Amino acid sequence: MTAPGLVVKRRLIVLLCVFAVVVITLIGRLAQIQFVQGSELQKKVSVQQNTGRIISPIRGTIYDRNGKKLAISVQAGTISCNPNEIKKNKKLSVDQVADQLAEILSLNRDDVLRLITKKANSAIIKRKVDRDIEIQIRTWMSENSVKGINIDEDAKRYYPNGNLMSHILGFAGDDNQGLMGGIEEVMDKYLKGTPGKILSEVDARGSAVPSDSEKRIDAQDGLNVVLTIDETIQYLLSKSLDKAVEDNKVKGGAIGIVMNPKTGDIIAMVSKPDYDLNSPFAYPAKIEIDGVDPSEWVERSSSSVNILSKTVWRNRALTDTYEPGSTFKSITTAAGLEEGVVTPETITNDLPIKVAGWPKPINCWRVGRPHGTESFREAVYNSCNPAFVKVAQGLGLERFYSYVKAFGFMDKTGIELKGEAKSQFQSKPKEIDMAVASFGQRFTITPLQLATAYCALVNGGKLMKPRLIKELTDSEGNTVEKYEPQVVRTVISEQTSQTVRDILEGVVAKGTGTNAYVKGYRVGGKTGTSETTVQNVYIASFCGFAPADNPEIVTLIVLIDPRGDSHMGGVIAAPIVGKISEDTLSYMQVERQYSQEDLKAMTQDVYVPDVRKKTVGEAVKVLKSAGLKYSIEGEGNNESNVVEQVPKPNSVIPESSTVILYTYKPEGEQTVKMPDLSGKTISEAIGAANRSGLNIRVSGNGVVYKQQYAEGVAVKKGSVVLVEFRNMDNVE
Ligand SMILES: [Zn+2]
């Protein structure tokens with residue numbers, strides 16, 4: 001047995017021994033550091049003291065499919081200082097350095113003073129300094145023999161197109177990192193590159209040793225991203241949407257998507273309102289935000305960022321869902337045809353149909369004037385709801401929803417951008433849910449889902465994954481990685497796809513989509529007019545494709561809350577799809593195929609010949625041979641001289657327009673009052689305008705929808721006035 005005191009003593013001895021060993025080891029280690037590694041360690045320390053100077057890599061460029069630059073990095077400098085060196089300047093005092101540097105860099109003088117007197121070996125004064133400022137600093141430094149200021153290469157992000165790609169690209173933040181779920185963010189790991197370093201050695205007191213001993217580790221530049229977007233088509237789409245928003249007093253935003261149905265490529269994608277990528281935090285131009293005074297806007301404040309995230313920063317093409325309305329009837333049509341529930345020639349009707357769980361019978365949209373008995377093809381042309389309910393009922397719940405799923409409406413599309421919203425369907429749909437879903441109501445999807453499904457409808461039946469990124473390239477332009485088009489699944493047969501294309505071409509040629517008609521390019525598609533859950537807020541849309549026999553593009557236009565003359569998709573969205581299809585196909589050099597009716601209805605433009613100084617007789621002959629009419633103002637006969645003419649020589653006007661010939665010098669401008677043309681057909685409007693001494697340029701079909709000048713406005717006699725026509729009958 002051992003006494004407790006002895007145990008304590010023994011433990012103490014053991015502890016002391018352990019302690020001694022530790023101390024001896026430490027001393028040995030210290031000695032080794034001191035004597036053996038001394039010089040190397042000191043070097044390491046001195047280098048570590050000054051690792052603040054980083055060389056930013058050049059961020060990769062983002063290109064459109066044709067190599068046009070959408071996001072570039074321009075040279076900019078980072079200005080830093082070594083406070084220990086600043087003190088040693090002979091010509092300038094520290095205060096003078098602060099004063100002069102602050103002036104050149106447009107900074108607060110006290111802030112600069114604080115930085116250049118900081119107890120550190122390095123401090124950053126300003127980043128992303130433009131080239132010309134950089135030159136000013138270099139000049140100032142050499143003139144005053146300033147020491148202790150460093151200028152290092154850096155880069156600044158610049159977006160040559162401003163607003164044009166805001167939602168696709170997102171923007172790069174202050175540290176060149178991507179933000180907002182756009183390409184800048186999702187491709188950041190490829191774009192950003194690897195930073196380099198400048199290691200300048202300092203002595204024990206922190207003074208820099210001469211700069212020729214600086215060591216550089218070069219930065220590795222980022223990869224370039226090539227998109228599937230075509231900048232020109234993106235521009236056309238953006239301009240069309242701006243005009244549509246203005247013309248139709250659209251309050252809730254507008255969306256446009258153009259896709260290549262064969263590959264799933266996104267050729268253009270626009271969401272309005274948008275913002276300038278070069279100043280993403282600024283008060284957004286062109287929109288009013290309720291309760292916000294632009295003069296009180298504070299950039300980057302949490303409240304302003306909150307407002308931006310809810311408005312202009314949203315890419316509504318994929319972050320928002322909506323009720324597709326009648327544009328969805330094409331999906332029901334495809335399912336019915338594929339399953340043999342219906343054929344184009346099946347006789348049906350649009351008599352009110354009673355469905356259990358719905359308070360009143362489901363009617364055709366044209367309630368007072370139903371279309372009656374018709375073939376299924378005609379029911380699609382006329383967009384008769386009861387006909388689609390019958391097709392859905394023929395399919396039954398399981399088959400109907402299996403097609404909804406197969407067309408991709410239950411899943412996110414998987415596009416490369418962040419923020420895709422999830423569609424909303426009843427978790428256990430009942431008969432009534434299916435009945436109203438057959439014509440696109442009581443469920444919500446994203447515009448991108450619908451455009452993607454239309455690609456499958458018309459491309460032979462394959463659901464493609466939307467593709468936005470084509471490839472990655474290095475700084476020499478070599479392809480590093482290719483992103484191939486991806487087929488998700490086959491949804492319908494080539495035969496069904498062909499029948500759907502044929503029927504939907506008829507919708508535009510003869511049905512509710514006539515305002516999307518384009519001479520020479522066969523456009524097919526479907527109108528949509530739906531209401532949001534908020535009462536009296538309408539959504540007008542149109543989803544189309546062209547050319548109908550071999551579609552190169554699918555175009556979806558969605559206008560949310562239009563408050564102009566019409567809220568109907570067939571009136572206000574269809575013409576935009578027509579215009580985009582025409583502009584895009586002609587830009588893509590797709591040949592026009594004119595039908596006989598097209599050729600009959602076409603007017604050519606002609607140049608107005610110069611007939612001044614000719615006799616009236618000669619002038620009339622020249623005008624007639626140019627395909628123009630004439631009207632003579634003033635006294636005189638065939639031998640009198642033409643003194644003045646309207647329109648002026650070399651203006652381009654529609655053939656058969658009337659040129660006014662003056663045999664006297666008119667005093668001032670001869671004007672006439674613009675007549676009211678509303679509701680007139682094309683020939684009626686031409687007649688009325690001619691009687692008033694005016695010519696008109698016709699756009700569209702049907703009856704006068706809009707005239708360039710209001711009734712009664714004084715217009716120069718003989719001039720050409722723009723008049724838009726729309727089909728207003730049987731338009732949904
Ligand atoms: Zn009907």
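Order of appearance sets the numbers: ligands from 1, and atoms from 1 within every ligand. Given the structure is predicted, the values throughout are model-derived calculations rather than measurements.
There is a side-chain donor-acceptor pair under 3.5 Å between Asn550 and Lys262. For the 3.5 Å distance criterion, the side chains of Glu339 and Tyr403 qualify, holding a donor opposite an acceptor.
Counting just the N/O/S atoms of His371, the one with the shortest distance to the Zn ion (ligand 1) is named ND1. Looking at Asp350, its N, O or S atom nearest to the Zn ion (ligand 1) turns out to be OD2.
The nearest N, O or S atom of Glu374 is not closer to the Zn ion (ligand 1) than 2.8 Å.
Using a distance-only test at 3.5 Å, with no hydrogens or angles considered, a donor-acceptor pair links the side chain of Lys329 to the main chain of Ser383. Formation of a donor-acceptor pair under 3.5 Å by the Asp265 side chain with backbone atoms of Asn260 is not found in this model.
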